[in-house]
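Worksheet for the structure shown next.
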Amino acid sequence: MKKLLAFICCIGLASTLHAQDQDPMSEGPFQQLIIRGVTLINGNGAPPRGPVDVVVEGNTIVQVKVVGYPGVEIDESKRPQLRPGGKELDCSGMYLLPGFIDMHGHIGGISQGADYDYVFKLWMAHGITTVREPSGRGVEWTLDLKKRSAANEIIAPRIFAYTGFGQMTKGFNPLNGSPISSPEQARKWVRANAARGADGIKFFGAPPEIMAAALDENKKLGLRSACHHAQIDVARWNVLNSARAGLTTMEHWYGLPEALFDDRTVQDYPLDYNYQNEQHRFEEAGKLWKQAAKPYSDHWNKVMDELLALDFTLDPTFNIYEASRDLHRARRAEWHEDYTLPSLWEFYQPSKISHGSYWHDWGTEQEVAWKENYRLWMTFVNEYKNRGGRVTTGSDSGFIFQLYGFAYIREMELLREAGFHPLEVIRSATLNGAEALGQADKIGTVAVGKLADFVIVSENPLKNLKVLYGTGAIKLTEDNEVVRVGGVSYTIKDGIIFDAKRLLRDVKKRVAMQKEKQNYRLKQPGLR
């Protein structure tokens, strides 16, 4: 009875959402939903299989049935039968995947002028049904959005909230505004964060005794954790220290080369280096992997083996640094014109203040260094995967010319460049993320009993990941006509069908209105 009442309540909330839309972008959930005739890419590494009918009741998968063979007419009598009042979605010839999981998704930013509705629609339009936010505007703000998403009051992925370590706001102030300066204070803050309802903690580093205490307390409470090992503290506390203390996921790659040092203890900083100068910070970061132990050397293998033994997760976010190795490519991405807000475009421009806008004097030498940085970084990540390590997919969008949703698909392409088979890329984006969140019993693959989170696309993403971009992939027909193919057709979350292309049209309209209101024209840096 409780389940039925919850289901009726959910339908009511979704219906209210639809009634507010002149051009409805979603429908459902349904007492029964049957998705017909898809080819299933399941996220667990299995090859595609189809045609398949997937049956959903409310927000739960109840049947996954192979109904025939490619090129052979389906026997309708052997298909799951639609009940009165049920919904049928004919997706014959299309591909169905588990909903994507963005393991590093910031829900907009005040400086970027990007509110949650803009960000959520871009994410959902690219098949992202789950997001882990690693620190944001405040735990109470994120938890409110998480609650509204869970109730399907807003168009949004499901949210996992990781509070920035030590972060305090008006609504969350366990130390009365004092900064964390002792192990006891660290433990108190961690307990308060757990009591507040957060799913975990995002660390940036701290003195060793504070990091050890915080990670220990967090682990005792059963919460998970992530860390961007910033250079301020990494000389005394690198990735190995964190993993040994109980950290579950590392972000980016900071702290990993430092753990791989075998002939130094600190990065080879120029003597005029200043961390607050982001040109210095990112230029020198591009030389860091060359200072680490060589791939497959004894120390390199030793560090990898220990991380593997600790069941440690890498969330590399390759895409967010791609402008460092090819600035022209990142700033000329075709989606900026239609989908990037004027305020966000301004935030990206060269600046000594805006984070990630470090283009003070960026050129060929810096890009060549970063290309080598990527080669060595990707070698470690790919081998980590080959030896059974968990690698997830995260975007860190909203900085450095990387746009929400679009950047996530680019991250998938970069995992492919690193050496992942396309099926391994999909697993990274689905099952691996679910495992890292401790949610593999609910999401991450398409299986009976799991939540109905799906991505449905008309083209085969294994042959070309670009078909997942909202702008699609370019193709030449037999009649010599240039066309766009792909783009996610439907994103299904909790059994609710979202029209991905309508979500994108809504964002495009919003950006166009902002430009018209401000008489704004997107211009490349330095051009008038």
query: Roughly how far, to the nearest 0.5 Å, is CE of M124 from CG of L504?
result: 12.0 Å
query: In terms of ring plane angle, is the pair H228 and Y254 parallel, tilted or perpendicular, where the classes change at 30° and 60°?
result: parallel
query: Roughly how far, to the nearest 0.5 Å, is CG of D453 from OG1 of T445?
result: 11.0 Å
- prompt: Between E76 and R79, is there a salt bridge with N-O shorter than 4.0 Å?
  reply: yes
- request: Mind checking the CZ-CD spacing from F204 to E251? Nearest 0.5 Å is all I need.
  value: 9.5 Å
task: Please test Q524 against R331 for side chain to side chain donor-acceptor pair (under 3.5 Å), starting from the C-alpha separation and ending with a verdict.
output: CA-CA 8 Å; Q524 291 298 323; R331 65 181 173 81; 2.7 Å; yes
task: Measure from the ring center of F454 to the ring center of Y490 and say whether it is less than 6.0 Å.
output: no
field: Pair R410 + E322: basic N to acidic O under 4.0 Å
entry: yes
- request: State, without any angle test, whether E411 and N319 hold a side-chain donor-acceptor pair at a distance under 3.5 Å.
  value: yes
task: Could you tell me whether R502 and D506 have a side-chain N and a carboxylate O separated by less than 4.0 Å?
output: no
task: Verify side chain to side chain donor-acceptor pair (under 3.5 Å) between T60 and K450, making sure each step is shown before the conclusion.
output: CA-CA 6 Å; T60 305; K450 289 195 175 185; over 6 Å; no
task: Could you label the plane-to-plane angle of the H336 and F401 rings as parallel, tilted or perpendicular, counting under 30° as parallel and over 60° as perpendicular?
output: perpendicular
query: Under 6.0 Å from the six-membered ring centre of Y374 and within 45° of its axis: does the NZ or CZ of R325 meet both?
result: yes
Side chain to side chain donor-acceptor pair (under 3.5 Å) assessment of T477 paired with D479: CA-CA 5 Å; T477 69; D479 297 326; 4.8 Å; no
Which atom of P48 lies closest to which atom of L462, heavy atoms considered: CG-CD1, 3.5 Å
E367 (side chain) donor-acceptor with L327 (main chain) under 3.5 angstrom: yes
- prompt: Between Y469 and R484, is a side chain to side chain donor-acceptor pair (under 3.5 Å) present by the stated rule, with each step listed?
  reply: CA-CA 11 Å; Y469 284 118; R484 291 286 178 134; over 6 Å; no
- request: Starting at OG of S324, measure out to CD1 of I400 and round the result to the nearest 0.5 Å.
  value: 6.0 Å
message: My understanding is that only one of P47, P422, P461 makes a side chain to side chain contact (heavy atoms under 4.5 Å, CB included) with I41; could you say which?
response: P461
query: Do the ring centers of F406 and H126 come within less than 6.0 Å of each other?
result: yes
field: Side-chain donor or acceptor of R224 paired with backbone N/O of A436 under 3.5 Å
entry: yes
- request: Check whether any side-chain heavy atom of V446 lies under 4.5 Å from a side-chain heavy atom of V64, and answer yes or no.
  value: yes
task: Nearest 0.5 Å please: distance from the CG atom of L260 over to the CD atom of Q291.
output: 12.0 Å
field: Residue that, paired with F318, satisfies ring-ring contact (aromatic ring centres under 6.0 Å, His included) out of W377, W370, Y408
entry: W377
message: Can you confirm whether I101 sits close enough to I443 that some side-chain heavy atom of one is under 4.5 Å from a side-chain heavy atom of the other?
response: yes
statement: Taken to the nearest 0.5 Å, the spacing of N42 CG from I426 CD1 works out to 11.5 Å
message: Looking at H421 and L423, would you say the former's side chain and the latter's main chain have a donor-acceptor pair under 3.5 Å?
response: yes
query: What pair of heavy atoms forms the shortest contact from G109 to Y404, and how long is it?
result: N-OH, 4.4 Å
message: Around atom NZ of K515, are there more than 12 heavy atoms from other residues, nucleotides or ligands closer than 6.0 Å?
response: yes
- request: Can you label the angle between the Y321 ring and the W253 ring as parallel, tilted or perpendicular, going by 30° and 60°?
  value: perpendicular
query: In terms of side-chain heavy atoms, does D315 have a donor or acceptor partner in T392 at a distance below 3.5 Å?
result: yes
- request: Could you tell me whether D53 and R36 make a salt bridge, using a distance below 4.0 angstrom between a side-chain N and a carboxylate O?
  value: yes
- request: Go through H229 and H252 one step at a time and tell me if the ring-ring contact (aromatic ring centres under 6.0 Å, His included) criterion holds.
  value: CA-CA 9 Å; H229 292 80; H252 317 308; over 10 Å; no
message: Using every non-hydrogen atom in the two residues, find where A323 and W359 come nearest and quote the distance to one decimal.
response: CB-CH2, 3.5 Å
- prompt: Is a donor on one side and an acceptor on the other found under 3.5 Å between the side chain of Q32 and the backbone of R83?
  reply: yes
- prompt: Does W300 have its ring centroid less than 6.0 Å away from the ring centroid of F380?
  reply: yes
- prompt: If we only count heavy atoms from C-beta on, is the P342 to Q514 side-chain gap below 4.5 Å?
  reply: yes
field: Charged tip of K493 within 45° of F498 ring normal and under 6.0 Å
entry: no
message: So that I can tick it off, tell me whether D494 and R158 are bridged by a salt bridge, with the cut-off set at under 4.0 angstrom between side-chain N and carboxylate O.
response: yes
query: Around atom NZ of K501, are there more than 12 heavy atoms of other residues, nucleotides or ligands at under 6.0 Å?
result: yes
- prompt: Taking all atoms of both residues into account, what is the closest heavy-atom pair of Q402 and A330, and its distance?
  reply: NE2-CB, 4.2 Å
query: Quick one: are L223 and D199 in side-chain contact, heavy atoms under 4.5 Å?
result: no
field: Ionic contact status for E133 with K146, cut-off 4.0 Å
entry: no
- prompt: Hey, are the side chains of N432 and T393 touching, using non-hydrogen atoms and a 4.5 Å cut-off?
  reply: no
- request: Flag the pair R510 and D115 as a salt bridge only when some basic side-chain nitrogen lies within less than 4.0 angstrom of an acidic carboxylate oxygen.
  value: yes
- prompt: If you count the non-hydrogen atoms of other residues, nucleotides and ligands that lie under 6.0 Å from CZ in R387, is the total more than 12?
  reply: yes
- prompt: Backbone N or O of A369 within a donor-acceptor pair of the N373 side chain at under 3.5 Å?
  reply: no
- prompt: Okay, side chain of T379, backbone of R375: is any donor-acceptor separation there less than 3.5 Å?
  reply: yes
query: Does F420 offer a backbone N or O that forms a donor-acceptor pair with the side chain of R416 under 3.5 Å?
result: yes
message: Do F160 and V131 make a side-chain contact, defined as non-hydrogen atoms from C-beta onward lying under 4.5 Å apart?
response: no
task: Write down the atom of T317, the atom of S395, and the distance for their closest heavy-atom approach.
output: CG2-N, 4.3 Å
Whether over 12 other heavy atoms sit under 6.0 Å from K65 NZ: yes
- prompt: Which class fits the ring pair Y116 and F120: parallel under 30°, tilted 30 to 60°, perpendicular over 60°?
  reply: tilted
- request: Taking atom NZ of K371 as the centre, report whether more than 12 heavy atoms of other residues, nucleotides or ligands fall under 6.0 Å from it.
  value: yes
Considering all heavy atoms, the nearest T130-P157 contact: N-CB, 3.8 Å
message: Side chains of L415 and V391, heavy atoms from C-beta outward: is any pair under 4.5 Å?
response: yes
query: Hey, are the side chains of V511 and D338 touching, using non-hydrogen atoms and a 4.5 Å cut-off?
result: no
- prompt: Has R132 got its NZ or CZ under 6.0 Å from the middle of the six-membered ring of Y162, at an angle within 45 degrees of the ring axis?
  reply: yes
